[in-house]
Amino acid sequence: MRIPTRKKPEVLSPAGNLRGLKTAVDYGADAVYCGGKAFGMRSAPKNLSLEDFEEGSRYAHERGARVYVTCNVLPRNNEIEAMREYIGQLKDTGVDALIVSDIGVMMMARQVAPNLELHVSTQAGVTNYQAANAFYELGARRVVLAREMDLQAVRDIRANIPDDLDIECFVHGAMCMAFSGRCLFSNYLTGRDGNHGECAQPCRWKYSIVEEKRPGQYFPIEQTENGAYLFNSQDMNMLGHLDDLIDSGATSLKIEGRAKSAYYIAAMTNAYKTAVNEYMIQRGFEDADGNILLPFHDRVIRPSDPDYGQGTEDQVMRNADVAFAGVADEGYDRAVATSDAPEPDGMSSHARSTRRKSNTAVEQIETDWKHAAVRPAPHVELPEWLLEETDKVAHRDYSTGFYYPEHKVTQNTDRSAYFRSWLVVGEVLSWSADEGGRVTLMSRNKIEPGQQVEFLLPGERPLAYIVPEDGLRDADGTPVPAINNPAHVFSMPCPHQVPINAAIRSRTKKPTLKAE
């Protein structure tokens with residue numbers, strides 16, 4: 001049996017293989033999206049076989065989670081029949097939904113697999129409620145909005161579509177310089193089609209100028225000895241702003257990263273799930289034990305509501321003002337601030353107006369259009385340890401994407417590598433209460449006495465632990481002074497019970513720029 005659609009915010013996690021799928025579910029994902037061996041938008045990961053989808057769906061459903069399959073390539077003529085056969089195979093594996101971008105594939109899926117939900121990929125470029133409603137009439141039950149949408153656009157779409165049409169929004173991970181992920185850059189430079197999951201990521205490459213009469217002499221475009229990374233977008237991080245996005249009508253919160261490690265999936269899934277739980281408690285929908293107190297509902301004021309268009313205070317943007325305060329801007333017009341709101345130092349009147357409407361000439365024409373507002377609510381406060389979790393995985397510089405137009409994502413022109421300040425040093429194989437508690441682990445990096453490590457625990461704050469001065473042993477039980485050999489089995493004293501497969505991590509002695 002498939003799991004029904006959730007009635008509260010969904011944490012949607014990536015998986016590039018069966019292990020990643022199970023890890024996401026173990027760490028609290030409400031749903032997992034993954035690709036098969038064909039027709040997905042990521043060819044780098046191993047991806048899942050039909051047998052993997054069957055096992056993964058059973059595993060997820062037993063734990064109350066759902067599984068979505070990406071079929072969002074832009075197929076060519078010679079791929080149509082193969083796509084039809086593939087969808088026919090997927091419908092019998094137990095998965096819950098197909099993610100599609102091509103309207104022909106969408107119609108095909110309705111014929112071949114009518115029992116599967118249809119989710120419209122971000123590649124379809126949904127930027128308005130008219131498009132969302134059209135897809136709904138064609139059978140879609142979810143639209144993944146274009147990543148270029150700001151919070152006001154999310155609210156306007158939510159206010160003008162059926163309540164049972166889900167809105168999925170990206171909240172974390174790498175961003176692409178192309179519109180909604182559609183890009184010809186890789187195909188043009190390398191012959192690897194980004195629209196078929198084979199992107200070579202040339203937007204991350206280092207670029208210089210060369211003068212045609214001076215071959216081999218490369219001149220950096222930026223004033224740096226390392227050259228220039230012209231199209232290298234920052235990563236997205238909306239963990240501290242989830243209340244704004246959920247209040248604005250987002251149904252599903254999507255973490256990017258099907259090519260990422262199991263540790264990345266675990267850490268980010270756990271962080272966002274914990275943040276959603278905090279939201280539900282602080283908004284009064286659930287108690288601390290997860291018992292439902294009130295049915296969940298976003299805070300968007302719809303055209304059918306009596307108070308629609310009556311100038312309700314823009315609480316979401318007030319929260320943004322506070323969150324982003326501190327950026328110097330001498331042009332800030334303090335008259336636009338409400339009397340009881342803090343006066344942010346970084347908000348110009350121009351920025352405050354453009355975040356509510358586009359700068360296109362067409363939208364300057366006077367109409368009766370009213371932007372949807374949200375009902376006021378206090379900002380959801382997250383614990384500091386939770387906000388720090390996003391810095392404990394490899395990442396580029398963070399931004400909040402396009403959600404706040406006055407603080408849009410930009411690019412890092414001086415480097416393309418990931419910043420890493422924490423390392424996974426081991427994975428838990430088992431824990432025993434013998435000898436006061438002992439953990440057996442598979443080593444990944446060096447562990448030595450006195451080192452402070454953290455165990456990443458599902459649904460909890462990480463467990464900080466200092467490695468004891470003695471008691472380290474190899475697989476044969478022989479005492480060792482330190483754990484030095486990667487991919488070997490060791491054990492060490494640990495009085496705290498820790499779950500199997502929990503990652504053990506430690507702060508690096510020196511932060512590095514390195515890929516995940």
So does [Y] get a backbone contact from the side chain of [X], meaning a donor-acceptor N/O pair under 3.5 Å?
X: Asp289; Y: Asn291; result: no
X: Tyr33; Y: Lys254; result: no
X: Thr23; Y: Arg19; result: yes
X: Asp298; Y: Ile246; result: no
X: Asp235; Y: Arg396; result: yes
X: Arg444; Y: Leu423; result: no
X: Ser121; Y: Val144; result: no
X: Asn237; Y: Leu239; result: yes
X: Ser443; Y: Asn445; result: no

Within the supplied structure, the quantity of interest is the number of heavy atoms (other residues, nucleotides, ligands) at a distance under 6.0 Å from [X] [atom1]; does it exceed 12?
X: Ile292; atom1: CD1; result: no
X: Asp164; atom1: CG; result: yes
X: Arg141; atom1: CZ; result: yes

Heavy atoms, side chains only, cut-off 4.5 Å: are [X] and [Y] in contact?
X: Cys34; Y: Phe53; value: yes
X: Arg66; Y: Leu12; value: no
X: Tyr279; Y: Phe296; value: yes
X: Leu242; Y: Val276; value: yes
X: Tyr403; Y: Ser248; value: no

Report the residues that fulfil salt bridge (charged side-chain N to carboxylate O under 4.0 Å, His left out) with Arg6, sequence neighbours left out, ordered by chain and then residue number. Asp30
Nearest 0.5 angstrom please: [X] [atom1] to [Y] [atom2], how far?
X: Leu253; Y: Ile167; atom1: CG; atom2: CD1; answer: 11.5 Å
X: Lys91; Y: Leu116; atom1: NZ; atom2: CG; answer: 8.5 Å
X: Met236; Y: Thr390; atom1: CE; atom2: OG1; answer: 13.5 Å
X: Ser421; Y: Asp391; atom1: OG; atom2: CG; answer: 6.0 Å
X: Ile500; Y: Asp26; atom1: CD1; atom2: CG; answer: 10.5 Å
X: Glu388; Y: Leu382; atom1: CD; atom2: CG; answer: 12.0 Å

Before accepting this row, confirm whether a basic side-chain N of the pair [X]/[Y] lies closer than 4.0 Å to the acidic partner's carboxylate O.
X: Asp247; Y: Arg283; value: yes
X: Arg505; Y: Glu389; value: yes
X: Glu168; Y: Arg142; value: yes

Partner of Ser491 by side chain to side chain donor-acceptor pair (under 3.5 Å), out of Arg438, Glu435, Arg473: Arg438
Distance under 6.0 Å and angle within 45° of the ring axis: does Lys8 meet both against Phe285? no
Classify the angle between the aromatic ring planes of Phe455 and Tyr465 as parallel (below 30°), tilted (30 to 60°) or perpendicular (above 60°). tilted
What is the ring orientation for His119 with Tyr68, classed by angle as parallel under 30°, tilted 30 to 60°, or perpendicular over 60°? perpendicular
Listing, residues 482-489 side-chain donor-acceptor contacts under 3.5 Å, not counting sequence neighbours, or none:
| unit_1 | atom_1 | unit_2 | atom_2 | d |
| --- | --- | --- | --- | --- |
| His488 | ND1 | Pro486 | O | 2.8 |

Ring centres of His395 and Tyr264 under 6.0 Å apart? no
Between the side chains of Ser49 and Asp52, is a donor N or O closer than 3.5 angstrom to an acceptor N or O? yes
